[in-house]
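Below is one structure; the comments refer to it alone.
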Amino acid sequence: MQPLAPDAFIVILTGAGISKESGLDTFRCEGGTWSKVRIEDVATPEGYRRNPILVQEFYNARREGLRDAEVQPNAAHLALARLEREWTGEVLLITQNIDDLHERAGSSNLIHMHGELLKIRCENCGQIHIWAEELSAQVPCPSCHIAGQLRPHIVWFGEIPLEMERIFDALGQCDLFVSIGTSGNVYPAAGFVEAVRYQGVGQTLELNLDPSERSSVFEENRLGLASVIVPEFVAEILR
Ligand code: APR
């Protein structure tokens, strides 16, 4: 990786791999979430319409898992928060993750492109609410008071990820794009590296435990545990 100018704009993309060492499952590694439940049943609008109770229970279990005292930000989350605090240019963190570990580590210039496990959205009035409890059809919307219309504020397959215009602006302008802990299976996130390489000016770096579906497109790849290679990367940048 070439040295960065002091005002360089760094864009980071994270996936489930960065939260693995905090005790949260990934999706496609062995024993991952999609080996236990079907995407079509719990992560699509059709699945929700077909069986809303199953979907609510799936996210209630994940919300409960996130409240487990053992689940804490790890050294990789903390290193990215340090980079945002100490780097002399902008650092934008785009995460595919719906957990709140980046916030709890101290990151704030943050986009949850697939939504957030601790938020719900009313399909009647559109209001979004912070929600860490169980959700069921009996719960009335805190805003419009209609029951049965509250769903997880999470982007399901077939729905449009959040803040895509802001994301693609950033990809076209950044000086460095770093992908961390994602398998590169799901678009549009899997295509961000092309946006940087072919429409932007930034360098591209992948930090992952295993080669991803997109590794060959990155100019540089580093393999290892996020809790090891992300702090090393941040220390190198801040040196
Ligand atoms: N350190 C670094 N990388 C890791 C670690 C670790 N400790 N553990 C696993 N990984 C890597 C794996 O090698 C894999 O490439 O994290 C990646 C996890 O891949 P996925 O399980 O596919 O998760 P992700 O890429 O985030 O999935 C993208 O798919 O199902 C949807 O909406 C869901 O946001 C998710 C999207």
Side-chain angles (χ1 to χ4, degrees), residues 12-48 55 58-59 61-63 65-66 70-80 93-102 105 110-119 151-164 167 177-194 204-218 220-234:
I12 312 259
L13 171 70
T14 61
I18 200 169
S19 296
K20 182 80 166 80
E21 292 165 87
S22 295
L24 296 181
D25 276 349
T26 60
F27 293 96
R28 297 173 184 81
C29 302
E30 193 176 333
T33 301
W34 299 143
S35 69
K36 298 169 186 164
V37 285
R38 293 184 337 136
I39 287 176
E40 319 63 288
D41 292 338
V42 297
T44 62
E46 297 76 17
Y48 182 59
V55 174
F58 173 69
Y59 290 100
R62 292 181 71 191
R63 223 174 270 117
L66 194 49
E70 298 293 306
V71 175
Q72 296 294 332
N74 65 55
H77 297 103
L78 294 167
L80 294 182
L93 177 51
I94 302 163
T95 187
Q96 300 173 89
N97 299 341
I98 59 175
D99 64 57
D100 63 342
L101 296 177
H102 283 306
L110 172 62
I111 295 175
H112 278 275
M113 63 178 287
H114 289 166
E116 298 177 61
L117 188 53
L118 299 182
K119 286 183 179 170
R151 61 163 276 184
H153 182 52
I154 287 169
V155 178
W156 286 327
F157 286 89
E159 296 182 325
I160 299 169
L162 307 174
E163 301 209 51
M164 291 311 293
I167 288 173
F177 173 68
V178 189
S179 176
I180 302 171
T182 180
S183 62
N185 272 289
V186 175
Y187 288 79
F192 287 175
V193 60
E194 267 99 356
T204 52
L205 168 65
E206 183 181 62
L207 306 178
N208 212 50
L209 185 60
D210 314 295
S212 74
E213 294 295 314
R214 314 309 330 278
S215 291
S216 61
V217 188
F218 287 84
E220 184 179 346
N221 312 87
R222 296 180 192 175
L223 294 179
L225 290 170
S227 63
V228 174
I229 61 177
V230 175
E232 285 174 351
F233 156 72
V234 168

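What you see is a predicted model; the values in this text were computed from it and never measured. As the structure lists them, so they are numbered: ligands from 1, and atoms in each ligand from 1.
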Using atom types as modelled and distance alone, determine if a side-chain donor or acceptor of S179 lies under 3.5 Å from a backbone N or O of L205. no
For atom 15 (O) of ligand 1, the protein heavy atom that lies nearest, with its residue and separation: N208 ND2, 2.9 Å
Hey, are the side chains of E206 and P211 touching, using non-hydrogen atoms and a 4.5 Å cut-off? no
Test item: V217 and T204 side chains (from C-beta on) under 4.5 Å apart, heavy atoms: no
For F27, is at least one N or O under 3.5 Å away from an N or O on ligand 1? yes
Please tell me if the side chains of N97 and L117 come closer than 4.5 Å, counting only heavy atoms from C-beta onward. no
Numbered in order shown, the ligand 1 atoms found under 4.0 Å of a heavy atom of G15 are 26 (O)
Honestly, for F157 the part within reach of ligand 1 (heavy atoms, under 4.0 Å) is side chain
Run the numbers for me: atoms of ligand 1, each under 4.0 Å from some heavy atom of C29, listed by number. 9 (C), 12 (C)
Just jot down the ligand 1 atoms closer than 4.0 angstrom to any heavy atom of A226, in number order. 1 (N), 2 (C), 6 (C)
Decide whether the shortest distance between a heavy atom of G224 and an atom of ligand 1 is less than 4.0 Å. yes
Without swapping roles, check the side chain of N208 against the backbone of G181 for a donor-acceptor pair under 3.5 Å. yes
For the residue pair W156 and V55, establish whether any side-chain heavy-atom pair is separated by less than 4.5 Å. yes
When distances are taken from atom 28 (C) of ligand 1, the protein heavy atom at minimum range is Q96 OE1, 3.4 Å
How does E21 reach ligand 1, by side chain, by backbone, by both or by neither, if only non-hydrogen atoms under 4.0 Å count? side chain
Please classify the S212 to ligand 1 contact at 4.0 Å (heavy-atom distances, strictly less than): side chain, backbone, both or neither. neither
To which of G181, S227, P211, A43 does the heavy atom nearest atom 17 (C) of ligand 1 belong? G181
Who's the nearest protein heavy-atom neighbour of atom 5 (C) of ligand 1, and how far? G17 O, 3.5 Å
Quick check: do P188 and M113 have side-chain heavy atoms less than 4.5 Å from each other? yes
Heavy-atom pairs closer than 4.0 Å: do any link ligand 1 to the side chain of T182, the backbone, both, or neither? both
Any heavy atom of G32 closer to ligand 1 than 4.0 angstrom? no
Is there a side-chain contact between F192 and I94, using heavy atoms and a 4.5 Å cut-off? yes
With atoms numbered from 1 as shown, which atoms in ligand 1 lie under 4.0 angstrom from a non-hydrogen atom of L225? 1 (N), 7 (N)
Need the ligand 1 atom indices (1-based, order shown) with element for anything under 4.0 Å from a heavy-atom of D210. 12 (C), 13 (O)
Identify the heavy atoms of A79 and V230 that sit nearest to each other, and give their distance. CB-CG1, 4.0 Å
What atoms of ligand 1 come within less than 4.0 Å of a heavy atom belonging to L209? 2 (C), 3 (N), 4 (C), 5 (C), 8 (N), 10 (N), 13 (O)
Can you tell me if S183 uses its side chain to pair, donor with acceptor, with the backbone of S212 under 3.5 Å? no
Contact between L24 and L101 at the side-chain level, heavy atoms closer than 4.5 Å - yes or no? yes
Would you say the side chain of R28 lies within less than 4.5 Å of the side chain of V186, judging by non-hydrogen atoms? yes
Tell me, which protein residue and heavy-atom name are nearest atom 27 (O) of ligand 1, and how many Å apart are they? R28 NH1, 3.1 Å
Distance to 0.1 Å, residue and atom name: give those for the protein heavy atom nearest to atom 26 (O) of ligand 1. A16 N, 2.8 Å
Taking the inter-plane angle between the rings of W34 and F58 on a 0 to 90° scale, is it parallel (under 30°), tilted (30 to 60°) or perpendicular (over 60°)? parallel
Considering the heavy atoms of W34, write down every atom of ligand 1 situated less than 4.0 Å from one of them. 30 (O)
Subset of ligand 1 atoms that lie under 4.0 Å from at least one heavy atom of K20: 8 (N)
Between H114 and ligand 1, which residue portion shows a heavy-atom distance shorter than 4.0 Å: side chain, backbone, both, or neither? side chain
